[in-house]
Amino acid sequence: MEMTLNIPEYSDDQGFKFDWEPGFEIESSIENGVIKITANKAGLISLAKHLLNLSQDQIPAGYHLHFDETNALEDGSSEFILEKK
C-alpha cells in the first residue's frame with residue numbers, strides 16, 4: 001500500500017500546524033504502567049502526520065505537543081506529550 005501525506009511546513013512565524021484527518025478519534029490510557037493509544041484510521045493517520053511534522057529539521061529539540069481530552073483526545077483519555085529530542 002502506498003499513501004501520500006501532506007506535512008505542513010514549520011516556520012518560526014507560524015509555528016506548528018496541526019493537520020487532522022476528518023473524523024479522527026484518538027484515546028489514551030495508562031494500564032499497569034503502560035501507555036496505550038487507541039485510534040481509528042483517521043486518528044492513526046493524524047498522529048503519523050504530527051510525528052512527521054515534529055521531525056522537521058526546522059523544529060528545535062525540546063519542542064513538544066500536548067494532547068488531552070480538551071485538545072483532540074476522547075473524553076476520559078490520559079494526557080500525553082510528544083517531544084522532539
Side-chain angles (χ1 to χ4, degrees):
M1 177 173 95
E2 186 173 319
M3 185 179 290
T4 302
L5 300 174
N6 276 331
I7 306 303
E9 190 170 336
Y10 176 84
S11 73
D12 289 333
D13 295 336
Q14 297 190 13
F16 190 95
K17 294 181 186 175
F18 287 93
D19 185 14
W20 297 100
E21 289 291 302
F24 76 92
E25 294 179 10
I26 305 168
E27 56 187 83
S28 61
S29 60
I30 300 173
E31 299 175 10
N32 298 318
V34 177
I35 299 167
K36 179 180 176 184
I37 298 172
T38 307
N40 64 1
K41 180 179 179 178
L44 292 171
I45 292 170
S46 294
L47 285 173
K49 289 194 291 187
H50 300 332
L51 288 168
L52 289 169
N53 193 346
L54 193 58
S55 75
Q56 294 180 68
D57 290 335
Q58 302 90 323
I59 296 180
Y63 197 96
H64 56 276
L65 308 174
H66 288 257
F67 298 90
D68 59 36
E69 61 186 351
T70 62
N71 178 27
L73 301 181
E74 299 297 307
D75 288 344
S77 290
S78 299
E79 177 182 8
F80 69 91
I81 297 170
L82 297 176
E83 183 173 348
K84 183 175 182 180
K85 183 174 181 177

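On a predicted model such as this, the values are computed, not experimentally measured, just so you know. These values consider heavy atoms only, across backbone and side chains, with no hydrogens, waters or symmetry-generated copies.
- Remark: Lys85 NZ to Leu54 CG distance equals 14.0 Å, nearest 0.5 Å.
- Checked by atom type and distance alone, the side chain of Gln56 pairs as donor or acceptor with a backbone atom of Pro8 at under 3.5 Å.
- Met1 and Leu44 are members of different hydrophobic clusters when ILVMFWY side chains are connected at heavy-atom separations under 4.5 Å.
- With His64 contributing its side chain and Gly62 its backbone, the two residues share a donor-acceptor pair below 3.5 Å.
- Note: the hydrophobic cluster containing Met3 also contains Ile7 (ILVMFWY, side chain heavy atoms under 4.5 Å, direct or indirect links).
- With values rounded to the nearest 0.5 angstrom, Glu74 atom CD is found 5.0 Å from Glu25 atom CD.
- Applying the 6.0 Å contact sphere to CD of Gln58 captures more than 12 heavy atoms from other residues, nucleotides or ligands.
- Within the model, atoms NZ of Lys84 and CG of Asp57 stand 6.0 Å from one another, a figure rounded to the nearest 0.5 Å.
- Between Asn71 atom CG and Ser77 atom OG the span is 11.5 Å, to the nearest 0.5 Å.
- Hydrophobic clustering (side-chain heavy atoms under 4.5 Å, transitive across Ile, Leu, Val, Met, Phe, Trp, Tyr) keeps Leu52 apart from Ile37.
- Pro22 and Ala42 make their closest contact through O-CB, 3.4 Å (heavy atoms, listed as atom of the first residue, atom of the second, distance).
- Of the possible donor and acceptor atoms, none in the side chain of Glu21 sits under 3.5 Å from a partner among the backbone N and O of Ile45.
- Residue Asn53 holds its CG atom at 8.5 Å from CG of Asp19, rounded to the nearest 0.5 Å.
- The shortest heavy-atom contact between Phe16 and Tyr63 is CB-OH, 3.2 Å.
- The heavy-atom pair separating Phe80 from Ser28 by the smallest distance is CD2-OG, 3.6 Å.
- When side chains are defined from C-beta on, Ser78 does not count as touching Ile35, because their heavy atoms never get closer than 4.5 Å.
- Between His50 and Trp20, the angle of the ring planes goes over 60°, which puts this pair in the perpendicular group of the 30/60° scheme.
- Taking the six-membered ring for Trp and thresholds of 30 and 60 degrees, Phe18 and Phe67 have ring planes more than 60 degrees apart, a perpendicular arrangement.
- Atoms CG and CD1, from Asp68 and Ile81 in turn, are 9.5 Å apart once rounded to the nearest 0.5 Å.
- The shortest side-chain heavy-atom distance between Leu47 and Phe24 does not fall under the 4.5 Å cut-off.
- In the model, Asp13 has no side-chain atom that pairs as donor or acceptor with a side-chain atom of Ser11 under 3.5 Å.
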